[in-house]
Amino acid sequence: MELSAGTSDLVPLRLALIENLPALPIGLEVTATAMTYIRRKLMPGRPSGDAFHLALASHYKCDFIVTWNCKHLANPNKFAHVQHLNRLLGLPVPEIVTPQELLRRT
């Protein structure tokens, strides 16, 4: 899990933020969608976490993905591709924002 990566003193704080959140099951449809993102070069194949994050958020109709990952997820240049591919797959498109962008909205 990405939140537990690294040696920062913030690792326990990051993990505490999510300890009471339920984990979304990764079923066959989510896996197939993640693999489609990878095959279509929307998300990198290694590591494939970004593809699974987007697939989970799409299948579970999440309103937002909040991420600092501006290379693969919160990348405005990729968002039109995400919209197009999700439309082809019949999936909703979550807004993909950085924490700062989300906080500006409140």
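Please read all numbers here as calculations on a predicted model, not as lab measurements. Any value given below was found using the heavy atoms of this structure, including those in side chains, with hydrogens, waters and symmetry copies removed.
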Check whether any side-chain heavy atom of L89 sits under 4.5 Å from a side-chain heavy atom of L85, and report yes or no.
-> yes

Could you state whether L24 and F64 fall into the same hydrophobic cluster, counting links through intermediate Ile, Leu, Val, Met, Phe, Trp or Tyr residues with side-chain heavy atoms under 4.5 angstrom apart?
-> no

Mark yes when over 12 heavy atoms from residues, nucleotides or ligands other than E29 sit less than 6.0 Å from its CD; otherwise mark no.
-> no

Could you pull out the closest heavy-atom pair between S8 and P12, with the gap in Å?
-> O-CD, 4.2 Å

Just by distance, with hydrogens left out, do H59 and T33 show a side-chain donor and acceptor under 3.5 Å apart?
-> yes

Just by modelled atom types, is the L42 backbone N or O under 3.5 Å from a matching donor or acceptor in the K78 side chain?
-> yes

Compare every heavy atom of P44 with every heavy atom of D50, then report the nearest pair and how far apart it is.
-> OD2-CG, 4.1 Å

Could you check if a side-chain atom of P94 sits within less than 4.5 angstrom of a side-chain atom of D63, using non-hydrogen atoms only?
-> no

Approximate separation, where rounding is to 0.5 Å, of N77 CG and C70 SG = 11.5 Å

Looking at CD1 of I65 and OG1 of T98, how far apart are the two atoms once the value is rounded to the nearest 0.5 Å?
-> 13.0 Å

Quick one: which of V66, L54, N75 gives a side chain to side chain contact (heavy atoms under 4.5 Å, CB included) with I96?
-> L54

Group every Ile, Leu, Val, Met, Phe, Trp and Tyr by side-chain heavy-atom contacts under 4.5 Å, then state whether L13 and L17 land in the same group.
-> no

Between V11 and I18, is there a shared hydrophobic cluster once you connect ILVMFWY residues whose side-chain heavy atoms come closer than 4.5 Å?
-> yes

Minimum-distance pair of heavy atoms, taken over all atoms of P25 and V30 = O-CG2, 4.5 Å

Is the closest basic N to carboxylate O distance between E19 and R14 below 4.0 Å?
-> no

Value for CD (E95) from CD (E101), rounded to nearest 0.5 Å, stands at 9.0 Å

Determine whether more than 12 heavy atoms belonging to other residues, nucleotides or ligands lie under 6.0 Å from atom CG of L103.
-> yes

Side-chain contact, heavy-atom cut-off 4.5 Å: Y60 with P92?
-> no

For L88 and R40, the nearest pair of non-hydrogen atoms, with its separation, is CD1-NH2, 4.0 Å

Note, V97 side chain near R105 side chain (heavy atom, < 4.5 Å) | yes

So how far is it from M35 CE to M43 CE, rounded to the nearest 0.5 Å?
-> 13.5 Å

Measure the shortest side-chain to side-chain distance between N86 and Y37 over non-hydrogen atoms and say whether it is less than 4.5 angstrom.
-> yes

F52 side, atom CZ; I38 side, atom CD1 - distance, nearest 0.5 Å = 6.0 Å

